[in-house]
There are 2 protein chains.
Amino acid sequence: MNFKEELSKYIELINSELQKYVEKKECPERILNESKGYSLLAGGKRLRPILMIVTYSLFKDDIEKCYKNAVAIEMVHTFSLIHDDLPGIDDDDYRRGKLTNHKKYNEATAILAGDSLLNGAYKILIDDIGNTSDIVEKSRKIEALYELSYGIDRMIAGEYIDTEFEGKEISSDYLEYMHENKTGALIKAPVKIGAILAGAQEEDISKLEMYAEKIGLAFQIKDDILSEIGNAEELGKPVGNDRERGKCTYVTKYGLQKAQEMLEQITNEAVDIIKKYNKNSEFLVELALYIKNRNK
Amino acid sequence: MNFKEELSKYIELINSELQKYVEKKECPERILNESKGYSLLAGGKRLRPILMIVTYSLFKDDIEKCYKNAVAIEMVHTFSLIHDDLPGIDDDDYRRGKLTNHKKYNEATAILAGDSLLNGAYKILIDDIGNTSDIVEKSRKIEALYELSYGIDRMIAGEYIDTEFEGKEISSDYLEYMHENKTGALIKAPVKIGAILAGAQEEDISKLEMYAEKIGLAFQIKDDILSEIGNAEELGKPVGNDRERGKCTYVTKYGLQKAQEMLEQITNEAVDIIKKYNKNSEFLVELALYIKNRNK
């Protein structure tokens, strides 16, 4: 199976797992549940759950054991997108070629759908921990859940900084700190969680973390590049918004050419780390290249 | 110590515990942390953490063991207030006599402060579970955390129904379901959590749950009454808003007199349950009466 096929297989797997958590039953809050499902199943690269499962698979074969964690991190990611799109934050009408949650439903629903997805992720994983009798496995799951909570905490802080500095000059230190948190934290978290759940050693975890940090940064730089020169149709959202809003991005700060060089270099570093580290890591090598080369 | 003194003592205790979790350090997201602290320490009855600690104390004396859970439930409650006050939901300018979070800061900050408080509550408790070596205690904490996640899930659903039915006629079944979830769930949760953490038996827990359901309903009816005829100055927010907005409340549905009769009856039921149940429950008896008689 080549990379593209394997990637599609993972995406399908995640989508079908996510389906299981969309409540369809008749109840007074049915439309809230529908709106959560709308955003959760609106497509997307599923990068975070894939990173988690693939990292887990470096150590153990029973990948189904981390499906609930994979679902949870995608729910968290979806919550963050719904809230970022709100009129009070980015005020975006489209995401992945579809109306954003508050445009499809309304603002109150979008706020509450986001809240409910964040909380729902915890609910699923705490329930799972409660049902785990093996004491070693239970400890790992608790450690993994702490990593999730830490990653979310950092992601929210990063998003806050992004809103505070809109239209203001920002130092390169701040820009880096913002992205490490806003995007990096929830790309690092699934890698760490996959490794922790599989019982990886400290040493392995720190190598994988370095890889995750690099691809997290690469992901953000690429995002900034696509926001500037991407194809609106492929992206499913308008381009050029960042500059208009006075957002500080790698492109607005360093210019397009320098941003592309940075992307190239950081991707090479990620590939180097993961290649040297583990011979079964071809998929993670390809994934780093995919992040660099994607058009959406 | 009489009830009022004991209540003040608990409020002081909670406030000083909450203080410990307000981050004051210099960092790029400092203002986000400040805004979380602003809402967390804006006063309030601290009903939920007090219910938790007092319930715990029916079974065990080492109440400091549930302080983190008490802090967490107040953080969750504060998150829910910040989001409810947002322009996209209730659009309230004042809460407890102070500007609401989005009025004091801005909408983006308020959305993210709410998100961060919800997530922060989990982060504290998961960290605590990870640091608990006693296996029985650990299990109880996991069970308690699940109750919290369930309560939050129900609270959000109830809040959603409240927004969906604004300006519409609502059946008494729906009104009850809405309040059981919106207010009731996070009043029942701390009582259950206190009992679970203290290692109470199933039988005890279900008696306490019945009490909590009654005071949760009484709390909501009283809220509806105060929203109609309370003193704006004492309440720290305008009155009469519910009716203007076409909100369906116990007062708008049943009229003031009937709502007051319902409040009286449900409080008597709560008092009966808790009196018969435990001879050390004077504080919980007084608390039910306090909920009925409060002016704010």
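Numbers restart at 1 for each chain; the letters A, B, ... are given by sequence-line order, proteins then strands.
A distance of 9.0 Å separates CG of B/Leu117 from CD1 of A/Ile156, quoted to the nearest 0.5 Å. The CD1 atom of A/Ile126 lies 7.0 Å from the CD1 atom of B/Ile129; values are rounded to the nearest 0.5 Å. Note that the NZ atom of A/Lys138 and the CD1 atom of B/Ile142 stand 4.5 Å from one another [nearest 0.5 Å]. Atom CG of residue A/Asp162 and atom CD of residue B/Glu29 lie 13.0 Å apart, to the nearest 0.5 angstrom.
At a cut-off of 3.5 Å, with distance as the only test, no side-chain donor of A/Asp127 or B/Tyr150 sits close to an acceptor on the other residue.
Residue contact with chain A, scored on non-hydrogen atoms closer than 4.5 Å, involves the side chain of B/Glu164 exclusively. Heavy atoms of B/Ile161 lying under 4.5 Å from chain A belong exclusively to its side chain. In this structure, chain A has a heavy atom under 4.5 Å from the side chain of B/Ile135, while its backbone stays farther away. Proximity to chain A (any heavy atom under 4.5 Å) is shown, for B/Ile31, by both the backbone and the side chain. Heavy-atom distances place the side chain of A/Tyr177, and not its backbone, under 4.5 Å from chain B. For a residue to count as touching a neighbouring chain, one of its non-hydrogen atoms must lie under 4.5 Å from one of that chain's; by this rule B/Tyr146 touches chain A with backbone and side chain alike.
Between the B/Asp153 side chain and the A/Ser116 main chain, no donor and acceptor come within less than 3.5 Å of each other.
Smallest separation of non-hydrogen atoms from A/Leu32 and B/Ala157: CD2-CA, 4.2 Å. Residue B/Asn119 comes nearest to A/Ser149 through the heavy atom pair ND2-O, 3.0 Å, listed as atom of the first residue, atom of the second, then distance. Here the shortest heavy-atom pairing between B/Pro28 and A/Tyr160 reads O-CE2, 4.2 Å.
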